[in-house]
Amino acid sequence: MILIPAREPFSFVAAARSHGWCRLAPFAWDDEHQELTRIEQLESGPVVRLRMAGAKGGVAVEVESAVEFTEAGLAQVREKVSWMLRLDEDFSEFHALCRTEAALAQVVEKKQGRLLRSPTLFEDVVKTILTTNTTWSQTKGMVARLVEMLSQPFSLDPAAHVFPTPAQIAPVDEEFLTQQVRLGYRSSYVLELARRVASGELDLESWKHTDMETDKLRRQLKALKGVGDYAAANLLMLLGRYDCLAVDSWARKVIGQRFFPGKERVSDREIAAVFDRWGKWKFLAYWFYKWET
DNA sequence: TTCCAGGGGTAGA
DNA sequence: TCTACCCATGGA
């Protein structure tokens, strides 16, 4: 068991359950034990299961493994968990703003702000593409099949698999992704992305720590096939940049009802403008906004 | 059968 | 920059 410290204020449960990602393979959320698990391959080789739970001052992580893993492996676990749960991120400015808005008062109390993400940007781009123009239950199915069919299992629990790497997806036929994994027209997007990353042409992971201006990064994300305005904003959120709103059917519905009652046509521009005053915290203000009051 | 879901690409204006 | 149209999948 290792303890990874988090910047205060921190709530493990608030971070882990912040959005649907904790329900997408190879993540799993255990309601009874308030535990987040994830199958992960360490760069040194072994496939392990990480069991993450809240602990005083941070996150307690248990690493299940069939083989011994090295000190370097342990360092990777710390780095991955820290990235996934944003343990070092500073939300003090956002929390100060939340104190000025009744619909966001609970954010401070519940220590919200952190949104769960995958260890790699590749995984988050694929998952984001698989949320577009479909239902949540179909997204879960697509991700589950992708994980189960294309990657190696965890030896202590063969039903559990890691998320496939670009190199594992790249050689697959598009027809397989369409017919078996049932990604629909998203197949070509996922395949092109995997091939570009696997070949080294596209270095997605470097975008995790770039100081590139947000608008330029947004244009780069949108240049990926399958990534439009919604997906780009969602990915910027995952990268820790909250100044774009991901306008999807849910946002149109709740923002439309609350701020444009009775108006028949509300443009995406108008929807996004509602949260303009939140500046760099726009996405979080929208995400944690208490709609039912 | 038809509609639509946490949209995106493309063509054409 | 905006709009119309097409794109697959499966549940309601």
Side-chain angles (χ1 to χ4, degrees), chain A residues 17-25 27 29 112 115-118 122-149 169 172-196 202 204 215 217-239 241-242 244-260 263-276 282-292:
Chain A
R17 301 192 61 193
S18 51
H19 62 134
W21 254 219
C22 68
R23 307 280 184 192
L24 292 180
F27 280 118
W29 173 254
Q112 293 172 323
L115 290 159
L116 183 66
R117 56 188 169 189
S118 309
F122 173 72
E123 180 177 332
D124 275 341
V125 175
V126 171
K127 284 178 170 173
T128 298
I129 289 173
L130 299 187
T131 63
T132 59
N133 197 24
T134 186
T135 58
W136 180 242
S137 66
Q138 289 192 71
T139 296
K140 283 195 286 187
M142 286 188 266
V143 173
R145 287 187 294 274
L146 191 66
V147 167
E148 191 189 329
M149 294 174 157
I169 298 177
V172 169
D173 281 340
E174 187 175 332
E175 195 183 331
F176 179 83
L177 290 180
T178 307
Q179 307 288 328
Q180 305 301 315
V181 190
R182 306 213 296 280
L183 303 187
Y185 65 92
R186 302 166 197 82
S187 297
S188 62
Y189 303 153
V190 171
L191 199 52
E192 180 180 321
L193 182 75
R195 288 177 175 167
R196 290 182 64 197
L202 178 65
L204 268 189
D215 199 51
L217 186 54
R218 195 180 70 85
R219 286 196 297 272
Q220 301 250 36
L221 287 163
K222 277 194 69 173
L224 303 174
K225 283 282 175 61
V227 176
D229 287 327
Y230 160 78
N234 194 63
L235 287 162
L236 285 173
M237 171 278 280
L238 290 167
L239 287 167
R241 300 174 188 236
Y242 308 112
C244 292
L245 208 60
V247 180
D248 56 14
S249 57
W250 176 255
R252 283 183 202 99
K253 184 184 160 193
V254 291
I255 296 177
Q257 282 175 352
R258 170 70 71 95
F259 294 96
F260 304 93
K263 189 171 178 188
E264 204 165 304
R265 279 180 59 86
V266 186
S267 70
D268 284 3
R269 192 176 289 274
E270 288 175 297
I271 293 288
V274 167
F275 283 85
D276 267 355
K282 216 172 290 173
F283 191 108
L284 295 184
Y286 155 71
W287 190 257
F288 293 109
Y289 201 87
K290 201 171 175 192
W291 299 102
E292 70 292 346

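Residue numbers begin at 1 in each chain, while the letters A, B, ... track the order of the sequences. Please read all numbers here as calculations on a predicted model, not as lab measurements.
- Without hydrogens or angle criteria, A:Arg252 side chain to A:Asp268 main chain gives no donor-acceptor distance under 3.5 Å.
- Judged by distance alone, the side chain of A:Arg186 and the main-chain N or O of A:Thr132 form a donor-acceptor pair under 3.5 Å.
- When rounded to the nearest whole Å, the span between CD of A:Glu174 and P of C:dA8 equals 10 Å.
- Note: A:Phe275 and A:Phe283 fail the aromatic proximity criterion, with ring centroids not under 6.0 Å apart.
- The 5' end of DNA chain C is approached more closely, in terms of each residue's nearest nucleotide, by A:Asn133 than by the other of A:Ser137 and A:Asn133.
- In terms of modelled atom types and a separation under 3.5 Å, the side chain of A:Asp248 and the main chain of A:Trp250 share a donor-acceptor contact.
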(request) Please test A:Tyr289 against A:Trp287 for ring-ring contact (aromatic ring centres under 6.0 Å, His included), starting from the C-alpha separation and ending with a verdict. (result) CA-CA 6 Å; A:Tyr289 201 87; A:Trp287 190 257; over 10 Å; no
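- Between A:Met142 atom CE and C:dG11 atom P the separation is 12 Å, expressed in whole Å.
- For A:Leu177 and C:dA8, the CG to C1' distance is 13 Å, given to the nearest whole Å.
- If you check every strand for non-hydrogen atoms under 4.0 Å, A:Thr178 touches sugar and phosphate atoms only.
- Taking A:Lys222 as the reference, A:Asp229 meet the salt bridge (Lys or Arg N to Asp or Glu O under 4.0 Å) condition, with sequence neighbours excluded.
- Rounded to whole Å, the distance from CG on A:Leu183 to P on B:dG7 is 17 Å.
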(message) Each nucleotide in nucleotides 8-13 of chain B should get exactly one letter: B, S or -. Can you fill that in based on protein heavy atoms under 4.0 Å?
(response) SSS---
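- The listed nucleotides are C:dC2, C:dG10, B:dG6; the one nearest the side chain of A:Asp248 is B:dG6.
- A:Leu235 places its CG atom 18 Å from the P atom of B:dG6, with the value rounded to the nearest Å.
- Contact annotation: the side chain of A:Arg218 approaches that of A:Cys244 to within less than 4.5 Å [non-hydrogen atoms, C-beta and beyond].
- A:Arg145 has its CZ atom 12 Å from the C1' atom of C:dA8, to the nearest Å.
- Across C:dA12 and B:dT1, the matching C1' atoms stand 12 Å from one another, rounded to whole Å.
- Distance CG (A:Leu115) to C1' (B:dG6): 14 Å, rounded to an integer number of Å.
- If you measure from atom CG of A:Asp268 to atom P of C:dT1, you get 14 Å, rounded to the nearest angstrom.
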